[in-house]
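What follows is a set of notes on a single structure, which appears directly below.
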Amino acid sequence: MNVNEKSNGDCVSPSQIDASCRVPSLALFGGAALWLVVGLALALIASIKFHQPAFLADCSLLTYGHVQAAANDLILYGFAIPAALGVLLWIFARLSQAELVLPLVPVVAAHIWHVGVLLGTIGILTGNSTGFAWLEYPRLVFPLLLVAFILIAISAVATFGQRKERELYPSHWFLLAALLWFPWIYSTANIFLVVWPVRGVGQAVINWWFVNNLLFVWLALVGLGVAFYFLPKLGGKPLHSRFWAQFAFWTLTLFGTFLGIPQGAPVPAWYPAASALASSLLIIPLIAIAIIFVKTVCGANVSCKGGPFCYIKFGTVAFLLSGLMTIAVSCPHFSQITRFTWFETAQTQLQLFGFFAIVILGGAYEILPRVMGSPLPFPKFIRFQHWCFMLGTLLLVGSLAVSGIQQGLHDYSFDLALPALRISTLGLFFLLLGSLMFAANIFVMTIKWNLALGKTVLAAVIAPLKTAEVKS
Amino acid sequence: MKNGFTVFIAALVVLGASWTAFVLGAAVQLGHEKNTTVLNSSDVYPLQRAGDAAFGLDVYRANACAACHTEQVQQSGMACDVVLTSAGKNPTAVSNLVATLKLIGIPEVEADAAADKITALGGKVETRILATGGDIARGWGIRHSVAADYLYDYPVQLGSLRVGPDLAAIGVRLANANVLLQHLYAPKSVTPNSAMPPFKFLFEVRPIGATPSPDALNLPKEFAPASGYEVVPKPEAKQLVGYLLSLRADVPLFEAPFTPPTPATNAPATK
């Protein structure tokens, strides 16, 4: 590090760094908030169909399979990924102690991404899905999402390159790996399944690999990277040891990536066997993460009060639970009961809402007032939303898990699974309520900012010209 | 880990491991799979779906049927039945022996032992192999699903959730196009407590013309349209049913052996 750089670094104040992330954050979070609300509304429609199968059944757009797939993808591609990228950009800028490089690129990319999600959702509802789980968006969406992601990754990596402190912080490893891993798995899955599909059941293997690596590994990398940044920052205690974080990172990426091939799948036996072995080894990174979490959080001198620190604590615990559920469903003995039941859905929902959405929303709530340079319009919503999300996740995941075990023990009987399944509708309702609060905060903020911007522009336009300048 | 580049290379290797195994491995091993032959026969398996069945797979995809139905039968093991085909020259001894032995639903080793004992006394036996497990007991299939069953399908839609029953062998279990069509139009008319939404948009309700359509559904009164109207399946409904009927998976293969039921006329006289 040369002296010149250092003196430059001293010039950039945190508020300048935050301001450089303003427009990208609004573009990424705004769309994400909208898609979260739409996605949860669709998930609620799908859930109501369990109370009344004929509900909206005569409209071919809104048949159960369409609504369910569109909701899943909206929550993952529409909300989780762009919101996570918004948090990631800010963390990279802050860790680098430098302003965001190429701030316009993520803004353009965010718009490409959200247009892609819109087209994909229309595609699913009109019956043009690819037919592969969590990859339903039709072929034309693939280049849009891939290009948008790569553009954001370029801005993130360029900012990373500007860092003043050469040594990497643990969050760097997790987030950099995530920036590498998403384009890799997403393009692999699309190329091998949609563009030039492989023959026969190889499609299923690649699809399972993709789903696990996106829903478990990618979300874990980003969620933990964000948690390992905010837990020490908000708690005021340093992250408990780089060693454990490093250990957790390598074991998670090494074992976690091999999960996902279900037991008893109609494929050669070594695929599920490799997954079962990897899932039993997954306990190692989980223990490491639990140690990091406990040692970092215990004795932290901060009152939680439903703020971002609470969000991220809850999310990390949910991740540990979701990891244990993953191990359970991959274990050959227990999977006899849970296979093909709602229990597997419960794990996915815990990973998505209990862990990822809560961690990212906590991060977003921490970031928003900083990048906007003004307090949130509805600061009380942070606490309400935390309660809504905790309650909603608990009801949703708990009821799905119970109905899944009922199903598995009783010949996949739908009637026995139904009572618990109906409670899950209530869980989705609370999640929707919480997501509306986030949307309200971000949209009011965006509108205020646009108005202020408009006023500034207007003032500049109608300001009288200085005659001295004209003369010269 | 001070250097970003080292982390990048190491992550590339670690993450690439699963890609090499599960993507490259699957593309090479399963992507070059060829059709096979039915066990103890020269018949080729599987055959490509034809006509309505081929289009029906696309209707199945477009309506996301796989959200609630799987197409994969699980099997927990195999059991053998030892069937006496001829009592030989010493029928009393054989029949006494048979009375002491357990011959139905036994493991292969015991079946071989029992068969050896009976043949030692001059009797002739046939060992029949049966798949066992929850799905088989529910009648959802004869054997577990194997990779060959999906060789020509695109997309392969195995499904992951059983809100409804497994469909891997629906073409054997419910080989009646009319019942399947009626189930699509009004599930509760076939299964009273069905949770399946009706797919009425795959049908056309129209006034009966000069000649009633031969395809019109024959519905129970409470599900029938107003008098003077008939319910006629659109092409998509017919294609979907054609696809469902093509889901059979009922032949023995090397990796999923079983003894096919013998036609009644050739049944050997036992005892």
Side-chain angles (χ1 to χ4, degrees), chain A residues 49-50 53-54 57-58 60 63-66 68-69 127-133 160 166-168 173 176-177 180-181 184 188 192-193 197-206 209 213 246 250 253-254 257-258 261 264-268 271 274 339-342 344-345 407 411-412 414-415, chain B residues 1-4 7-8 10-12 14-15 17-19 21-23 26-27 29-33 61-68 70 72 74 76 134 138 144-165 187 193-201:
Chain A
K49 287 174 190 270
F50 292 123
D58 293 344
S60 70
T63 190
Y64 177 79
H66 289 171
Q68 182 62 38
N128 290 305
S129 96
T130 60
F132 293 107
F160 168 76
R166 295 316 292 177
E167 183 157 22
L168 304 190
W173 319 328
L176 281 173
L180 169 72
W181 201 215
W184 190 344
T188 294
F192 281 86
L193 297 180
V198 295
R199 199 178 208 195
V201 85
Q203 293 163 27
V205 174
I206 295 173
W209 171 85
N213 275 292
Q246 202 165 344
W250 291 117
T253 44
L254 187 60
T257 46
F258 277 92
I261 314 292
V267 293
Y271 293 96
R339 185 105 167 82
F340 306 131
T341 71
W342 293 103
E344 294 176 345
T345 318
Q407 242 186 322
D411 277 358
Y412 301 103
F414 186 73
D415 294 339
Chain B
M1 289 197 287
K2 291 188 179 178
N3 193 333
V7 178
F8 177 77
L12 205 68
V14 171
L15 296 174
S18 78
W19 185 86
F22 285 169
V23 176
Q29 184 185 13
L30 297 167
H32 294 265
E33 209 187 357
R61 172 198 60 75
N63 289 291
C65 304
C68 297
T70 55
Q72 39 177 334
Q74 310 276 296
S76 56
R138 281 185 277 273
H144 69 106
S145 301
V146 294
D149 294 337
Y150 315 94
L151 188 64
Y152 293 121
D153 290 351
Y154 180 77
V156 172
Q157 300 169 85
L158 297 179
S160 63
L161 183 62
R162 284 178 175 169
V163 183
N193 61 350
S194 171
M196 182 172 137
F199 283 81
K200 290 192 174 149
F201 55 83

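So you know, we letter chains A, B, ... as the sequences are listed, proteins then strands, and number each from 1. Just so we're clear, the structure is a prediction, and the values are computed from it rather than from any experiment.
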* Go through D58(A) and F201(B) one step at a time and tell me if the side chain to side chain contact (heavy atoms under 4.5 Å, CB included) criterion holds. => CA-CA 6 Å; D58(A) 293 344; F201(B) 55 83; 5.7 Å; no
When only pairs under 4.5 Å are counted, which of [options] shares the most heavy-atom pairs with chain A?
options: C65(B), S145(B), A66(B), S160(B); answer: S160(B)
options: E33(B), R61(B), H32(B); answer: R61(B)
options: Y154(B), Y152(B), Y150(B); answer: Y154(B)
options: N193(B), D149(B), V14(B); answer: V14(B)

Check whether [X] gets within reach of chain A through its side chain, its backbone, both or neither, counting any heavy atom under 4.5 Å.
X: A10(B); value: both
X: R138(B); value: side chain
X: L158(B); value: side chain
X: A21(B); value: both

* Interchain contact, E344(A) with chain B, by part (heavy-atom threshold 4.5 Å) ->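 It is the side chain, since no backbone atom gets that close.
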* Asked: Do the ring planes of W19(B) and W184(A) sit parallel (below 30°), tilted (30 to 60°) or perpendicular (above 60°)?
  ->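 Tilted, since the angle between the ring planes falls between 30° and 60°.
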* Quick one: sort the F22(B) and F258(A) rings into parallel, tilted or perpendicular, breaks at 30° and 60°. =>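 Aromatic pair F22(B)/F258(A) classed perpendicular.
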* To do: Could you tell me which non-hydrogen atom of V201(A) sits nearest to which non-hydrogen atom of V156(B), and how far apart they are?
  =>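 That closest heavy-atom pairing would be N-CG2, 4.3 Å.
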